[in-house]
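All remarks here apply to the structure that follows.
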Amino acid sequence: MKRIAVMTSGGDAPGMNPAIRAVVRSAIANGMEVYGIRQAYSGLLAGDFERLTNREVSGILQRGGTILQTARNEEFKTAQGQRRALRRLNEHGIEGLVVIGGDGSLRGALALHQQGFPVVGIPGSIDNDIWGTNMSIGVDTALNTILDALDRLRDTASSHERAFLIEVMGRNCGYLALMSGILGGAELTLIPERDMELDEVAARLEDAYLRGKNHAIAVIAEGAKHKIDEVAEFLKGHNVGFEVRITILGHIQRGGSPSAFDRLLATRMGVKAIDCLCKGTFGVMVGLNGRDMSPVPLEEVTSRTRAANMEYYDLAEILSR
Ligand code: ADP
Ligand code: F6P
């Protein structure tokens, strides 16, 4: 394999840049030419390719976001769009492709693989909902950003004896909410994987008040059954002792310099992706399993969803008292 391409796709995640850097430098070390595709499948369809040398990926290790930019593209989901994408890859003499992105992006990678094109995926998403890897690139940084926010919100909550409802991202997965709830000392956590009725939310907050706490933190996953506004509205009609305030962390969770963990994960995954292409291991995603980087078939990755580990939920219940 002499010429490959790399793209970042779906929601950006801190660590995508170190992953691009590792792909480029490792491919060049293996005698390949590398092209970056700007704006994911949109750039692929438009033929927006850029030659990347070791110099183009200098100084990006510590930068959040992605130098290749990212996008969501509906046309690529169609058979016609995928045919056009294959034509563009062939026009540029590309023989292999590395796709760094979330579960949707990996579904796109699988579509190309099923049409016979050599593809390797790398999991990049703050949600940690991708099957086949213990951690995706960006999760650790996002979690640390959330914890920083929770610590700050607790300072002001305690000063005013308030309850804060804090919404975190994660799409349909409760991982970020559950882990930040445990590590940020939340009084309760609402996640998509486990419903909690609004009466119980109110009872828990009131219980924290009656037990003498001077603040309460409720972390609410964006995908939870009861959304943050609904919870806040319900609490207006139920005096739980605390005054209630809401904070939606939003896209702050996606930005920032990647943590040491994410830089290492991204670097190892990038190198492993090139190793897979060199060895002819196609149609796989590089996953972190235990300490190892191991290829997992994209069919398996995209046919399942990784949900939050409910053992952590039980732990959160005990520790929140
Ligand atoms: P993420 O990769 O972060 O999960 P999306 O779900 O929005 O983000 O997917 C990113 C892009 O991947 C989509 O805009 C689309 O171009 C492509 N994609 C998603 N699902 C499929 C699919 N089933 N087949 C082909 N391409 C897909
Ligand atoms: O998948 C990453 C993610 O940040 C989700 O947590 C969130 O639901 C979604 O992307 C937000 O998407 P957008 O950037 O299009 O608002």
Side-chain angles (χ1 to χ4, degrees), residues 6-16 19 37-46 48 64-66 68-86 88-89 97-115 117 119 121-133 135-143 145-146 149 166-180 191-192 219-224 227-228 248-256 262 283 285 298-299 301-308:
V6 56
M7 66 156 82
T8 49
S9 172
D12 62 298
M16 282 182 162
I37 301 174
R38 272 186 291 264
Q39 298 187 343
Y41 294 112
S42 300
L44 176 53
L45 292 173
D48 196 353
T66 157
L68 291 175
Q69 298 190 295
T70 180
R72 295 196 167 96
N73 183 288
E74 284 304 307
E75 190 192 347
F76 182 74
K77 291 184 180 173
T78 66
Q80 199 188 352
Q82 288 158 20
R83 255 200 313 276
R84 202 143 69 78
L86 286 171
R88 292 277 181 248
L89 288 164
L97 175 67
V98 177
V99 175
I100 307 166
D103 55 347
S105 305
L106 296 169
R107 247 174 241 123
L110 174 62
L112 291 175
H113 166 69
Q114 285 170 336
Q115 311 214 23
F117 197 84
V119 182
I122 294 181
S125 163
I126 65 165
D127 300 336
N128 220 22
D129 57 349
I130 301 173
W131 183 262
T133 186
M135 289 289 271
S136 297
I137 294 170
V139 175
D140 182 67
T141 307
L143 197 48
T145 303
I146 296 169
I166 301 157
E167 185 188 279
V168 303
M169 281 186 166
R171 209 167 273 190
N172 298 315
C173 176
Y175 181 89
L176 287 176
L178 191 49
M179 298 312 282
S180 58
I191 57 172
V219 178
I220 304 179
E222 64 173 346
K227 309 295 174 211
I228 193 166
I248 297 174
L249 294 183
H251 289 78
I252 282 175
Q253 296 162 92
R254 287 241 294 263
D262 275 327
M285 178 196 78
L298 283 169
E299 273 101 351
V301 169
T302 55
S303 62
R304 304 191 62 171
T305 302
R306 188 179 187 279

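Every number for a ligand or one of its atoms is a count from 1 in the order of the listing.
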_Quick check on Gly170 - does any of its heavy atoms sit under 4.0 Å from an atom of ligand 2?_
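It does; at least one heavy atom falls under 4.0 Å.
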Within the side chain of [X], is there an N or O that forms a donor-acceptor pair under 3.5 Å with the backbone of [Y]?
| X | Y | result |
| --- | --- | --- |
| Gln82 | Phe76 | yes |
| Thr305 | Ile130 | no |
| Arg254 | Ile126 | no |
| Gln115 | Leu86 | no |

How close does the nearest protein non-hydrogen atom get to [atom], and which residue and atom is it?
| atom | value |
| --- | --- |
| atom 25 (C) of ligand 1 | Gly108 CA, 3.5 Å |
| atom 11 (C) of ligand 1 | Ser9 OG, 4.0 Å |
| atom 5 (P) of ligand 1 | Arg72 NE, 3.8 Å |
| atom 20 (N) of ligand 1 | Gly104 O, 3.4 Å |
| atom 15 (C) of ligand 1 | Asn73 O, 3.2 Å |
| atom 8 (O) of ligand 1 | Gly10 CA, 3.5 Å |
| atom 4 (O) of ligand 2 | Arg254 NH1, 2.7 Å |
| atom 8 (O) of ligand 2 | Glu222 OE2, 2.6 Å |
| atom 5 (C) of ligand 2 | Asp127 OD1, 3.4 Å |
| atom 16 (O) of ligand 2 | His251 NE2, 3.0 Å |
| atom 2 (O) of ligand 1 | Ser105 OG, 2.5 Å |
| atom 1 (P) of ligand 1 | Gly102 CA, 3.7 Å |

*Taking heavy atoms and a distance under 4.0 Å, where does Arg72 meet ligand 2: side chain, backbone, both or neither?*
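The answer is the side chain.
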*Which is closest to atom 23 (N) of ligand 1 by heavy-atom distance: Lys77, Arg107, Arg171?*
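Going through Lys77, Arg107, Arg171 one by one, Arg107 has the nearest heavy atom to atom 23 (N) of ligand 1.
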_Could you work out, for atom 4 (O) of ligand 1, the closest of Asp103, Thr70, Leu112 by heavy-atom distance?_
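That would be Asp103.
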*Could you go through the side chain to side chain contact (heavy atoms under 4.5 Å, CB included) check for Met7 and Tyr41 one step at a time?*
CA-CA 8 Å; Met7 66 156 82; Tyr41 294 112; 3.7 Å; yes
*Heavy-atom pair with the smallest gap, counting every atom of Ser125 and Val139*: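 Minimum heavy-atom separation between Ser125 and Val139: O-CG2, 3.3 Å.
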_Heavy-atom pair with the smallest gap, counting every atom of Ala13 and Gly138_ =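 Taking every non-hydrogen atom into account, CB-CA, 4.1 Å.
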Please confirm whether [X] comes under 4.0 Å of ligand 1, counting heavy atoms of the residue only.
| X | answer |
| --- | --- |
| Gly11 | yes |
| Glu74 | no |
| Gln82 | yes |

*What atoms of ligand 2 come within less than 4.0 Å of a heavy atom belonging to Met169?*
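Reading through ligand 2 atom by atom, the close ones are 4 (O), 6 (O).
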*Please identify which atoms of ligand 1 are closer than 4.0 Å to at least one heavy atom of Tyr41.*
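Answer, ordered by atom number: 12 (O), 16 (O), 17 (C).
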*Looking at Ile146, Leu178, Thr145, which hits side chain to side chain contact (heavy atoms under 4.5 Å, CB included) with Val168?*
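Testing Val168 for a side chain to side chain contact (heavy atoms under 4.5 Å, CB included) against Ile146, Leu178, Thr145 leaves exactly one candidate, Ile146.
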_Worked verdict on Tyr175 versus Met135 for side chain to side chain contact (heavy atoms under 4.5 Å, CB included)_ = CA-CA 10 Å; Tyr175 181 89; Met135 289 289 271; 3.6 Å; yes
*To the nearest 0.5 angstrom, please state how far the SG atom of Cys173 sits from the CG atom of Asp129.*
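Here the interatomic distance stands at 5.5 Å.
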